[in-house]
Colleague: 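The following block contains the structure, expressed as structure tokens.
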Amino acid sequence: MSTEDMWLYDEQYMRLRAALGGSAAPQNGEPEGKLSKRELKRRAKGKVKKEKDVSKWKTESTKKKPKKTDHSEAFTFVNTTPAGQKKDMSGEMLAGYQPKAVEAAWQAWWEASGFCSAQPSDVEGRDPAEKFVMVIPPPNVTGSLHLGHALTAAIQDSLTRWHRMCGHVTLYIPGTDHAGIATQSVVEKRLMKEEGLMRHDLGREEFLRRVWAWKDQYSNRIESQLRFLGSSVDWSRVAFTMDDNLSRAVTEAFVRFHEAGILYRGTRLVNWSCALRSAISKIEVDVEDIKGRTFRSVPGHTKRDKYEFGTLTSFAYKVADDAGNATDEEIIVATTRLETMLGDAAVAVHPEDPRYAHLHGKFVKHPFNEALLPIVLDSVLVDMSFGTGAVKITPAHDPNDYECGKRNDLPFNVIFNLDGTTNELCGQFAGMMRYDARIAVEESLKEMGLYRDKTDNPMALSICSRSGDVIEPMLTPQWFVRCDEMAERAKDAVRTGDLKIKPEFHEQTWFTWLNNIDDWCVSRQLWWGHRIPAYFATKKDEGELDCMDEQHNDRWIVARSEAEAREKAAEKLGTTADNVKLEQDPDVLDTWFSSGLFPFSVFGWPRETPDLGAFYPTSLLETGLDILFFWVARMVMMGLQLTDQLPFHTVYLHAMVRDKYGRKMSKSLGNVIDPLEVINGCDLEVRSCCFASWWIRWRAWRPVDDTNTYHEDSMTSKIKHSNFLLMVAVVHSQAADVERPKLAEI
């Protein structure tokens, strides 16, 4: 009997074979007799022994590489649907997914059909919970949108579409911001590069015409990008912060603030950019930490390529006798900004420091202008244990010294012109750029035997983000808004729950900033922006008055128009309107002033329009966490002050998109990714790698490298809302320690 016949008589084997449909027989050409019952049982359970993959022992050169899909043939699509009409779907479906073909024509049809619009009549008789209104954080017109804007747009649009699908009256309003300093800087650089001209060469009117042309070019590009992203905004309501109706709102807000007594003109210390010749806000100041002696270039300085920072220079002041003559006794002081000693007004010591007890009420003599500087007592500023325990005081050019100067009634000696050159108070050093003067002062102190030492000193250097200039604290006349009372109302709104901030841990930032808020400097020495509605009034039959002199601040008339200002001035000066001479303030308002009005100015405020009654307050503000206090807090404060209502009931903050170094996206840094490049195509494998390499938490999204994103004509996949929603889902899943709001709550 053969081996095969023997198996046929094996009852257990036949049952197994029948159960497996005959598959229990020897496989892969193995002789049947070599299969044991144990092996048959294994096969009956589906545990077939795998063959060894001998190919894995092959070398790289002998392995077969997978074939790559050929994307070399470019895809060309022609949209035949007339603009504004529903897409013609009668044609044959393409073999593969082509985004351009799939998405063409829909956006124009949506807009023409008014699917994303809403009217005041739509909310009549509706429950307030069935209304969803949101304004877009208006992007700057300085250029095009980047991937951070795309993230914002995707989240906002997802929220809007969800409410629209719930049957709610939904309104999502687009707009752009004029971005005063940023836009003027870009246009000025372009003007100098292409024509070798400065704005003063053109004059204000012609320069503004150039800026408007720039705005028209780039605002159109931004709107085009938002359309490509598929944002379901109401394009019939698109707003620009310098539109007539929004400009009217800015003027009205300025006047009302002045009438309420919270807006005033004063000479105070501000962040000054000598390159821009303007005060700038904190958001436009970058802080650069340096560990010690560092050299860097400074705009406007041409005598050297780079200048020294990060050092502490010590020098001596000679104590003066009763006759005002210098003695051999000296006080050693140290500074990181040696050039500011030209504006010193005093030397401060601690009142309890025994080393200087005998010098109370004495003076030191300035080595260059021979002025007698008082030795003042200040326990707030001076730390006895640090250095020599003596501090030079320059009230006009240092925030701490400014407060010390006010406490001790010291003179405020401004030693710099607006362009950063030293003025006539600097004597032999007048006319030099700031850091050229620093070098010259050091050399002179050495010659006079007053120089003592220089050591490395870690410090934070304030840099203008627009020009790269080193910020100079400067005492200049500006317009300010008192924020303390408005800040209290904004804090109370969060405490009571009337205003919700999501995620809730951002409330700490909210309270920290508002608890330490200063008066807001709202004036900028620019041409592009909302010109300040204030007029300096004089009588034609009186002499010239200096409008920059603080003692003449009562001559400033705040009004909605020149005609109104003339009437107010005539009444104030006790003369006729014909005898009044008016000069409007040439400065413009801070960009954040107009954007702070955005949630209600887009609806026609200060006029009582149907839109304002129907859609204000809005429902939600969704934006990046970086502008919580720069923009969001100001919207809340201004909304409460001017409308007595919160501009929205919920603030939803999303994380930032950063590069591999943790930096925000910025054109000047070259780390910007245009969302249109992502939309136009990206290999799926590369995009998956990019997703995998993102550090995702609630505070930041950091791609490892911007080279992870590139475009190619033939694509296999594309980022759109689904992918952004995927990222949002990942954020939620990763942030297990954070209480996340439900979509319905937002």
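FYI, side chains are in, hydrogens and waters are out, and symmetry mates aren't considered; it's all heavy atoms of this structure.
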Colleague: Take atom CG in Asp305; do more than 12 heavy atoms of anything else shown fall under 6.0 Å from it?
Modeller: no

Colleague: Taking CD in Glu288 as the centre, count heavy atoms belonging to other residues, nucleotides or ligands within less than 6.0 Å. Is the count above 12?
Modeller: yes

Colleague: Are any of the side-chain heavy atoms of Val494 and Glu507 separated by less than 4.5 Å?
Modeller: yes

Colleague: Kindly state each residue pair satisfying salt bridge (charged side-chain N to carboxylate O under 4.0 Å, His left out) with at least one member in residues 525-538, sequence neighbours excluded.
Modeller: none

Colleague: Is there a donor in the side chain of Ser281 and an acceptor in the side chain of Glu284, or the other way round, less than 3.5 Å apart?
Modeller: yes

Colleague: Check side chain to side chain contact (heavy atoms under 4.5 Å, CB included) between Arg293 and all other residues, then give those that pass, not counting sequence neighbours.
Modeller: Phe295, Glu308, Thr311, Asp456

Colleague: Which residues pass the side chain to side chain contact (heavy atoms under 4.5 Å, CB included) test with Lys540, not counting sequence neighbours?
Modeller: Asn579, Lys581

Colleague: Check this for me, if you would: do Glu488 and Lys491 make a salt bridge, where the nitrogen-to-carboxylate-oxygen distance has to be below 4.0 angstrom?
Modeller: yes

Colleague: Any heavy-atom pair between the side chains of Phe536 and Asn553 that's under 4.5 Å?
Modeller: no

Colleague: Determine, step by step, whether Ile471 and Ile463 satisfy the side-chain contact (heavy atoms from CB on, under 4.5 Å) criterion, reporting the C-alpha distance in whole Å, the side-chain angles of both residues, the deciding distance to 0.1 Å, and the verdict.
Modeller: CA-CA 6 Å; Ile471 294 299; Ile463 306 296; 5.9 Å; no

Colleague: Which pair of non-hydrogen atoms, one from Ile415 and one from His397, has the smallest distance, and what is that distance?
Modeller: N-NE2, 3.0 Å

Colleague: Taking the basic N atoms (NZ, or NE/NH1/NH2) and the acidic carboxylate oxygens, is any pair closer than 4.0 Å for Glu188 and Lys193?
Modeller: no

Colleague: Is the shortest side-chain heavy-atom distance between Lys189 and Arg466 below 4.5 Å?
Modeller: no

Colleague: For the pair Arg438 and Glu442, find out whether any cationic side-chain nitrogen is under 4.0 Å from an anionic carboxylate oxygen.
Modeller: no

Colleague: Not counting sequence neighbours, which residues clear ring pair (Phe, Tyr, Trp, His ring centres under 6.0 Å) with Tyr264? List them please.
Modeller: Phe480

Colleague: Once you measure the plane-to-plane angle for Trp520 and Phe593, does it fall in the parallel (<30°), tilted (30-60°) or perpendicular (>60°) bin?
Modeller: tilted

Colleague: Assess the residue pair Phe254 and Trp479 against the criterion (ring-ring contact (aromatic ring centres under 6.0 Å, His included)); give the C-alpha distance rounded to whole Å, side-chain angles, the decisive distance to 0.1 Å, and a yes or no.
Modeller: CA-CA 10 Å; Phe254 192 89; Trp479 291 93; 5.7 Å; yes

Colleague: Could you work out, with side chain to side chain donor-acceptor pair (under 3.5 Å) as the rule, every residue matching Arg524, not counting sequence neighbours?
Modeller: Asp590

Colleague: Looking only at non-hydrogen atoms, find the nearest pair between Pro299 and Ala275 and report the distance.
Modeller: CB-CB, 4.2 Å

Colleague: Run the side-chain contact (heavy atoms from CB on, under 4.5 Å) test on Cys547 and Trp556 for me, step by step, so that the C-alpha distance in whole Å, both residues' side-chain angles and the decisive distance to 0.1 Å come before the verdict.
Modeller: CA-CA 8 Å; Cys547 65; Trp556 284 100; 3.8 Å; yes

Colleague: Give the minimum heavy-atom separation between Asp585 and Arg265, together with the two atoms involved.
Modeller: OD2-NH1, 3.4 Å

Colleague: For the CD atom on Glu544, are there more than 12 heavy atoms of other groups (residues, nucleotides or ligands in this structure) within a distance under 6.0 Å?
Modeller: no

Colleague: Mind listing the closest non-hydrogen atom pair of Gly180 and Thr591 along with its distance?
Modeller: N-OG1, 2.8 Å

Colleague: Closer than 4.0 angstrom, basic N to acidic O: yes or no for Arg489 and Asp484?
Modeller: no

Colleague: Do Arg434 and Glu339 meet the salt-bridge criterion of a basic N to acidic O distance under 4.0 Å?
Modeller: no

Colleague: Who pairs with Glu485 by side chain to side chain contact (heavy atoms under 4.5 Å, CB included), at least two apart in sequence or on another chain?
Modeller: none

Colleague: For a 4.5 angstrom cut-off between non-hydrogen side-chain atoms, does Met486 reach Leu640?
Modeller: no

Colleague: Kindly write out the residues that satisfy ring pair (Phe, Tyr, Trp, His ring centres under 6.0 Å) with His301, not counting sequence neighbours, or none if the list is empty.
Modeller: Tyr307, Tyr435

Colleague: Run the salt-bridge test on Arg268 and Asp519 with the 4.0 Å N-O cut-off and return the result as yes or no.
Modeller: yes

Colleague: Quick one: closest heavy-atom pair of Ile393 and Cys404, and the distance?
Modeller: CD1-SG, 3.9 Å

Colleague: Let me check something: any side-chain donor-acceptor pairs from residues 343-350 under 3.5 Å, sequence neighbours excluded? List them with distances.
Modeller:
{"from": "Asp344", "atom 1": "OD1", "to": "Lys392", "atom 2": "NZ", "distance (Å)": "2.9"}
{"from": "Asp344", "atom 1": "OD1", "to": "Thr394", "atom 2": "OG1", "distance (Å)": "2.5"}
{"from": "Asp344", "atom 1": "OD2", "to": "Tyr317", "atom 2": "OH", "distance (Å)": "2.7"}
{"from": "His350", "atom 1": "ND1", "to": "Glu352", "atom 2": "N", "distance (Å)": "3.0"}

Colleague: Working note: Met341 + Val441, criterion side-chain contact (heavy atoms from CB on, under 4.5 Å); need CA distance, chi angles, decisive distance, verdict.
Modeller: CA-CA 9 Å; Met341 66 88 62; Val441 168; 4.0 Å; yes

Colleague: Mind jotting down which residue pairs meet the ring-ring contact (aromatic ring centres under 6.0 Å, His included) criterion with at least one end in residues 185-205? Sequence neighbours excluded, please.
Modeller: His200-Trp527

Colleague: We want to know whether Gln478 and Ser523 form a side-chain donor-acceptor pair, criterion being a heavy-atom distance below 3.5 angstrom.
Modeller: yes

Colleague: Show the nearest heavy-atom pair for residues Ile557 and Ala569, with the distance to one decimal.
Modeller: CG1-CB, 4.0 Å

Colleague: Can Asp492 and Arg495 be counted as an ion pair, charged N to O under 4.0 angstrom?
Modeller: yes

Colleague: Report, as yes or no, whether the 6.0 Å neighbourhood of atom CZ on Arg304 holds more than 12 heavy atoms from other residues, nucleotides or ligands.
Modeller: no

Colleague: Val187 versus Phe207: any side-chain heavy-atom pair under 4.5 Å?
Modeller: yes

Colleague: Can you pull the salt bridge (charged side-chain N to carboxylate O under 4.0 Å, His left out) pairs that have at least one residue in residues 364-387, sequence neighbours excluded?
Modeller: Asp378-Arg407

Colleague: When you check the gap from the basic side-chain N to the acidic O, do Glu403 and Lys406 get nearer than 4.0 Å?
Modeller: yes

Colleague: What salt bridge (charged side-chain N to carboxylate O under 4.0 Å, His left out) pairs are there with at least one residue in residues 548-559, not counting sequence neighbours?
Modeller: Glu542-Arg555

Colleague: Considering residues at least two apart in sequence or located in another chain, which fulfil the side chain to side chain contact (heavy atoms under 4.5 Å, CB included) criterion with Asp322?
Modeller: Lys362

Colleague: Is it true that Gln184 and His178 share a donor-acceptor pair across their side chains at a distance under 3.5 Å?
Modeller: no

Colleague: Could you please spell out the steps behind the side-chain contact (heavy atoms from CB on, under 4.5 Å) verdict for Thr335 and Val391?
Modeller: CA-CA 8 Å; Thr335 178; Val391 180; over 6 Å; no

